[in-house]
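Heads up: the structure comes next, in structure tokens.
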Amino acid sequence: MSTAAIVPLISQVSTAVSEAIRRVRPDLAEADPVVRPSEHADFQANAALALAKRVGSNPRELAAAFADALGDVRSGSIESVDVSGPGFLNIAVADRAVWQQVSARLADSRHGVGTPESGRRTVIDYSAPNIAKEMHVGHLRTTIIGDCLARVLGFLGADVVRQNHLGDWGTQFGMLIQYLDEHPDAAWHQDELTGTSSVSALAVLYKEAKRLFDADPAFADRSRARVVALQSGDPATIARWREIVAESEKAFRAIYDRLGVLLAPEDSVGESYYQPKLAETIAELEAAGIAVESDGALVVFSADVLGPEGDPVPLMVRKRDGGYGYDSTDLATIRYRIKELGGERLIYVTDARQALHFRMIFDAARRAGWLAGDVEAIHVAYGMVLGLDGRPFRSREGDTVRLVDLLDAAVERARDVVAGKDPDLDPAELDQIAEQAGIGAVKYADLSTSRGKDYVFDVDRMVSFAGNTGVYLQYAHTRMAAILRKAGSSSPAADVDGAISLRPEERALALRLDTYGTVVTDVGALLEPHRLCGYLYDLARDFTSFYETCHVLSADEPIRTNRLALCRLAARTMQHGLGLLGIAAPDRM
RNA sequence: GCCUCCAUAGCUCAGUGGAUAGAGCAGCUGCCUUCUAAGCAGUAGGUCGCAGGUUCGAAUCCUGCUGGAGGCGCCA
């Protein structure tokens, strides 16, 4: 089982061009060869244009000199080099070299993708729903993007530690626990509910508790006493709190399973976990002189962040009343992730509104000496989910939309479409395909747009199943799978015949497949899943063009075997890529 | 007031300092006796918000401006 990356042709060409540059002008040996995929050839090298000025020569002449030198460089990959336009080098690679890449990638269990993140301990914070509350549309992006990054980085060799920072602590639990104790007949355990979830039931009970709290001073007093009991570790109160947490997690589990999210129970490390660590965290900041007293509270001032009055903005380490807020918890959290989890790269997947907050947390962690050396902390910010009216996505009644309802809507629409395409489908298969297509559509829509921007949530468009949607990719995969299925075992997985010349559509597909690892590596470095979506969409289009013009099963040998190899690699790559996005790749739809 | 992000086709969005800025949707014209038409081909659609600057070359980098979103002390 090889783990060495297969060098893509574009890299091979870059190396060759660099060598040619070195031969022509040793003083420019370090220059970027600027090799790119090209519309005019397989690749183009733009280095001459950039370098001509530096060495005081004509770009075309310099390009010609590079081209000559490139002819001398021994590289089996390059077929031809032409100088074009103001000084571009148009480079074509040999058919044999292209087939060689296909063959090598097919022989590798990782499709030739390397492990650039090898061994790097990477802590990814995502999802983070609140206990006793429903997951809503606001949890969609963090959960999907975070999970995709966990998959991508894990595949690239990173030692990924997932952290589900549950909202499992706070004074609101006092009120809820008190109410539950006084209403033992209330149903809220998952196994005594049908058609609803524990968090749904708890959210309703919480509203009632809140109403009672406001209306009944005696209940309010008992609730406050319950908060004290919870914070001081009263066993009965803690037991009830744990029960609420456990029941809520069952509901989250159901959603995660449905979404195909990796988060497991052991990844749940919520706010409560850091409560015992707050005192020492704060003591450390205070001893270092980073946390200072202000208006009776303990704060960390940020040097470069000013408020409306021009005053420095603080992190609230300890409130005037002695209590702790999220600033304290987040400081304890980053300290824990670096010092105890040994995180070398900390990733926080939360919405863009928290950008300033994390800037201040990171700054404080840096000053405290926790965030030092090669350790990096990154806020992976994403935009809001908007409705068709361009305002934050809400139901017609103006409420936040439950995640379950959103997924149900997508799957239901998917079922209508699927049933319309194939009325004879058996019900169980219909359900399965609708689920895979509907969920896939939601995830793809979320992941395929660049994450920094707000995006408009439009179920109709997602589930229209036409054009650039998750279903297009799944459909392309089913076509690949269908060919492989029909080819059956009659076609041995023989080595491809490198002597066969490539048709344009075969070439485009093969070259696309050759860059898979580059794209996945970019996603891991830049933490931008939409690049992988874009790649897979291009791959699906390239395959479709190939599918339309190069019939596989009816082709004569050895062309048939070569085309099957392309199908096989395309199918594996598509399936794997969809897997990294957390989207199912069914064989039939 | 300060900070961050954003502005690309009617709509939703891609776009690594490189050649003529691309997709999808919605339009229009065609294509199912061959591996799934959830598809494909063609056509039409652009002052890349505005103005400067850097560069051989700018949607891309810099500055300013306009417009939009978000954030800025005890709620996460």
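Only a predicted model underlies this, so the values are computations on that prediction, with no experimental measurement involved. Letters A, B, ... mirror the listed sequences (proteins, then strands); counts begin at 1.
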- [ ] Decide, for C32(B), between syn and anti: a glycosidic angle within 90° of 0 counts as syn, anything else as anti.
- [x] syn

Regarding [X], tell me which of base, sugar-phosphate or nothing describes its non-hydrogen contacts under 4.0 Å with the strands shown.
X       : value
S554(A) : nothing
S450(A) : sugar-phosphate
Q44(A)  : base

With [atom1] as the reference atom in both, quote the distance from [N] to [M] in angstrom, rounded to an integer.
N      : M      : atom1 : value
C62(B) : U20(B) : C1'   : 27 Å
U12(B) : A7(B)  : C1'   : 14 Å
C65(B) : G73(B) : P     : 25 Å

Under a 3.5 Å limit for both distances, which nucleotide forms a Watson-Crick or G-U wobble pair with [N], could you say?
N      : result
G10(B) : C25(B)
G1(B)  : C72(B)
G45(B) : none
U16(B) : none
A51(B) : U63(B)
G30(B) : C40(B)

Open item on the list: Can you tell me how the ring of Y336(A) sits relative to the ring of Y273(A), calling it parallel under 30°, perpendicular over 60° and tilted otherwise?
Closed with: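 Plane angle over 60°, so perpendicular.
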
- [ ] Return the orientation label for the F358(A) and Y348(A) ring planes: parallel under 30°, perpendicular over 60°, tilted otherwise.
- [x]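 The arrangement is tilted - the two ring planes meet at 30° to 60°.
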
Task: Salt-bridge criterion met for D214(A) and K210(A) (N-O under 4.0 Å) - done: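 K210(A) and D214(A): salt-bridged.
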
Open item on the list: Any carboxylate oxygen within less than 4.0 angstrom of a Lys/Arg side-chain nitrogen, looking at D542(A) and R512(A)?
Closed with: yes

TODO: Give a yes/no answer on whether the side chain of H530(A) brings an N or O atom under 4.0 Å of OP1 or OP2 in G15(B).
DONE: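 For H530(A), the contact criterion (side-chain N or O under 4.0 Å from OP1 or OP2 of G15(B)) is met.
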
Task: Matching residue for Y472(A) among Y537(A), Y444(A), F465(A) - test: ring-ring contact (aromatic ring centres under 6.0 Å, His included) - done: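 Among the candidates, only Y537(A) passes.
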
TODO: Summarise how protein sits on nucleotides 69-76 of chain B as a single string, 5' to 3': B when a protein heavy atom is under 4.0 Å from the base, S for sugar-phosphate-only contact, - for no contact.
DONE: SSSBBBSB

Task: H551(A) ring over U34(B) six-membered base ring, under 5.5 Å and 30° - done: no

Task: Base A41(B) to side chain E548(A), donor-acceptor N/O within 3.5 Å cut-off - done: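 No, no donor-acceptor pair under 3.5 Å.
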
